[in-house]
Amino acid sequence: MEPNTHQARITFTDVELSRQLFGEHNSHLQRIARSLDVQVQARGNTVHLSGDEITVQLAQNLLTQLYGLIKERYPVYDNDIDYAIRLLSADDRTLLKEIFLDTVYITAKKMAITPKSRAQKEYIDAIRQHDIVFGIGPAGTGKTYLAMAMAISALTKGTVNRIVLTRPAVEAGEALGFLPGDLAEKVNPYLRPLYDALHDMMRFEKVAALMQQGVIEVAPIAFMRGRTLNDSFIILDEAQNTTSEQMKMFLTRIGFSSKAVITGDITQIDLPPQKTSGLIEAKQILAHIEAIKMVFFTQRDVVRHRLVQDIILAYEAAARKKADTNGQSQHVMPSNLA
């Protein structure tokens, strides 16, 4: 044994629950070992850990808290282990129960939708406590998905009478009249991500019935003009592609007993260069209003396939490198011209 190697042992009281914790053929333990670079061995319902003292302590904390989740009948999957490691690595005082057991909605497939990061937890709490919430950050952080789950939950509980989902059809320049087909055929390609999230949470027939009744409405933001939306849960997706005028128009549509969630990624703006992003402007203008909450996500909050986080980081690194190169070029150019 190396001189700096630290060892620890944890024994779990319930054999069946410990099997769930360890995973099939100890797959969960192997995942933890790879992620933390720590040796993990299971004998019966006891786990032996060895490695660097800090990582062994982290592994102990992780296993103990995951076992606590399983005792609460929370099904631990591979991705949950990754999220838990990320949370505890950032702050070992994090209580996983406070995050993972905050069930937002149970889908038609009996899957529980819960937050997977501190920012997601903050986001959900903000939506519960505020009438207008902005969720700003990169793709894959659950901004729209969690907002949709909160909307369906509110509709199911009867706290709102309808759900309105909207996003800018910026690729068409909002000039929908020039596109082929009827209205549904014109706007569907731009609203497809919202439909996908809906169908992930509710049965297709249920969604179709609610849309036919007007209880769920999906429309481009241009169709919000002149309306007042009472008793509604309204989600504006891809808000970085709204113009200043569209954002102001949208925010002033909100009526009594309504909630609005605005989501977007200010690094992915598709507007023409001369147009100001309504999301960036709103972030600056409305920051001082206490009743409006702004929640910011980073690549650490990505909850899609683990490769998505790596891809985002790679693109960010490339952007920084390009910016540095351009900066150096601009700095050198005057002396060359001289």
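When reading the values below, keep in mind they use all heavy atoms of this one structure, side chains included, and skip hydrogens, waters and symmetry mates.
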Query raised in the report: Are side-chain N/O atoms of Gln57 and Asn61 paired as donor and acceptor at under 3.5 Å?
Result: no
Query raised in the report: Do Arg167 and Thr242 have side-chain heavy atoms sitting under 4.5 Å apart?
Result: no
Query - Test side chain to side chain donor-acceptor pair (under 3.5 Å) applied to Glu281 and Ser244, step by step - result: CA-CA 7 Å; Glu281 186 180 70; Ser244 175; 2.3 Å; yes
Query raised in the report: So, the side chain of His130 versus the backbone of Ile292: is there a donor-acceptor pair under 3.5 Å, distance only?
Result: no
**Report entry** Heavy atoms from other residues, nucleotides or ligands near CD of Glu290 exceed 12 (cutoff 6.0 Å)
**Finding:** no
**Report entry** Matching residue for Lys116 among Asp80, Asp301, Thr141 - test: side chain to side chain donor-acceptor pair (under 3.5 Å)
**Finding:** Asp80
Query - Partner residues of Thr156 under the side chain to side chain contact (heavy atoms under 4.5 Å, CB included) criterion, sequence neighbours left out - result: Tyr105, Ile152
Query - Contact list for residues 258-301, test ring-ring contact (aromatic ring centres under 6.0 Å, His included), sequence neighbours left out - result: Tyr123-Phe297
Requested in this report: Give a yes or no answer on whether the side chain of Arg253 reaches the backbone of Arg227 with a donor-acceptor pair at less than 3.5 Å.
Outcome: yes
Report task. Start with the C-alpha gap between Asp82 and Arg31, add the side-chain angles, then the distance that decides, and say whether salt bridge (charged side-chain N to carboxylate O under 4.0 Å, His left out) holds. Result -> CA-CA 9 Å; Asp82 297 336; Arg31 194 177 193 88; 2.9 Å; yes
**Report entry** No-hydrogen, no-angle side-chain donor-acceptor test under 3.5 Å, Tyr145 and Asp200
**Finding:** yes
Query raised in the report: Is it true that Glu98 and Lys121 make a salt bridge, defined as a side-chain N closer than 4.0 Å to a carboxylate O?
Result: no
Report summary line: Residues passing the side chain to side chain contact (heavy atoms under 4.5 Å, CB included) test with Ile10, sequence neighbours excluded, are Phe12, Leu49, Gln60, Leu63, Thr64
Query raised in the report: Run the side chain to side chain donor-acceptor pair (under 3.5 Å) check on Thr263 and Asp237 step by step: do they pass?
Result: CA-CA 5 Å; Thr263 70; Asp237 189 35; 2.8 Å; yes
Requested in this report: Give a yes or no on whether the backbone of Thr243 and the side-chain of Gln246 come within a donor-acceptor separation of less than 3.5 Å.
Outcome: yes
Query - Side chains of Val38 and Leu58 in contact at under 4.5 Å (non-hydrogen atoms) - result: no
Query raised in the report: Side chain of Ser35, backbone of Ile32: donor and acceptor closer than 3.5 Å?
Result: no
Requested in this report: Decide, yes or no, whether a salt bridge links Asp270 with Lys275 under the criterion of side-chain N to carboxylate O below 4.0 Å.
Outcome: no
Query raised in the report: Can you check whether Pro168 reaches Glu238 side chain to side chain, under 4.5 Å on heavy atoms?
Result: yes
Query - Glu53 to His6 - nearest heavy-atom pair and separation - result: CA-CB, 3.6 Å
Query - Flag if over 12 foreign heavy atoms under 6.0 Å of CD1, Ile54 - result: no
Query raised in the report: So does Arg9 have more than 12 non-hydrogen atoms from other groups sitting under 6.0 Å from CZ?
Result: no
Requested in this report: Keeping the roles fixed (side chain from Ser257, backbone from Asp231), state whether a donor-acceptor pair exists under 3.5 Å.
Outcome: no
Query raised in the report: Among side-chain atoms of Thr94 and Arg118, is any donor-acceptor pair under 3.5 angstrom?
Result: yes
**Report entry** Neighbour count >12 (heavy atoms, 6.0 Å) for atom CG, Asp37
**Finding:** no
Requested in this report: May I ask you to decide if Arg86's main-chain N or O and Ser89's side chain share a donor-acceptor pair within less than 3.5 Å?
Outcome: no
Query raised in the report: Taking NZ, NE, NH1 and NH2 as the nitrogens, is one of them in Lys321 or Asp324 under 4.0 Å from a carboxylate oxygen of the other?
Result: no
Query raised in the report: Between Gln30 and Phe22, is there a donor-acceptor pair closer than 3.5 Å when you use the side chain of the first and the backbone of the second?
Result: no
Requested in this report: Could you tell me whether the side chain of Lys143 and the main chain of Pro138 form a donor-acceptor pair under 3.5 Å?
Outcome: yes
Query raised in the report: Will you find, in the side chains of Ser50 and Gln39, an N or O donor that is under 3.5 Å from an N or O acceptor?
Result: yes
Query - Check against side chain to side chain contact (heavy atoms under 4.5 Å, CB included), Val261 and Ile234 - result: CA-CA 6 Å; Val261 180; Ile234 314 146; over 6 Å; no
Query raised in the report: Counting distance only, does the side-chain N/O of Ser277 pair as donor-acceptor with the main-chain N or O of Asn241 below 3.5 Å?
Result: no
Query - Value rounded to 0.5 Å, distance of CZ in Phe250 from CE in Met224 - result: 8.0 Å
Query raised in the report: Taking atom CD of Gln212 as the centre, does the number of heavy atoms from other residues, nucleotides or ligands within less than 6.0 Å exceed 12?
Result: no
Requested in this report: Indicate yes or no: does Lys248 engage Glu245 in a salt bridge with an N to O separation below 4.0 Å.
Outcome: no
Report task. Output yes when a side-chain donor or acceptor of Ser258 lies under 3.5 Å from a complementary backbone atom of Ser232, and no otherwise. Result -> yes
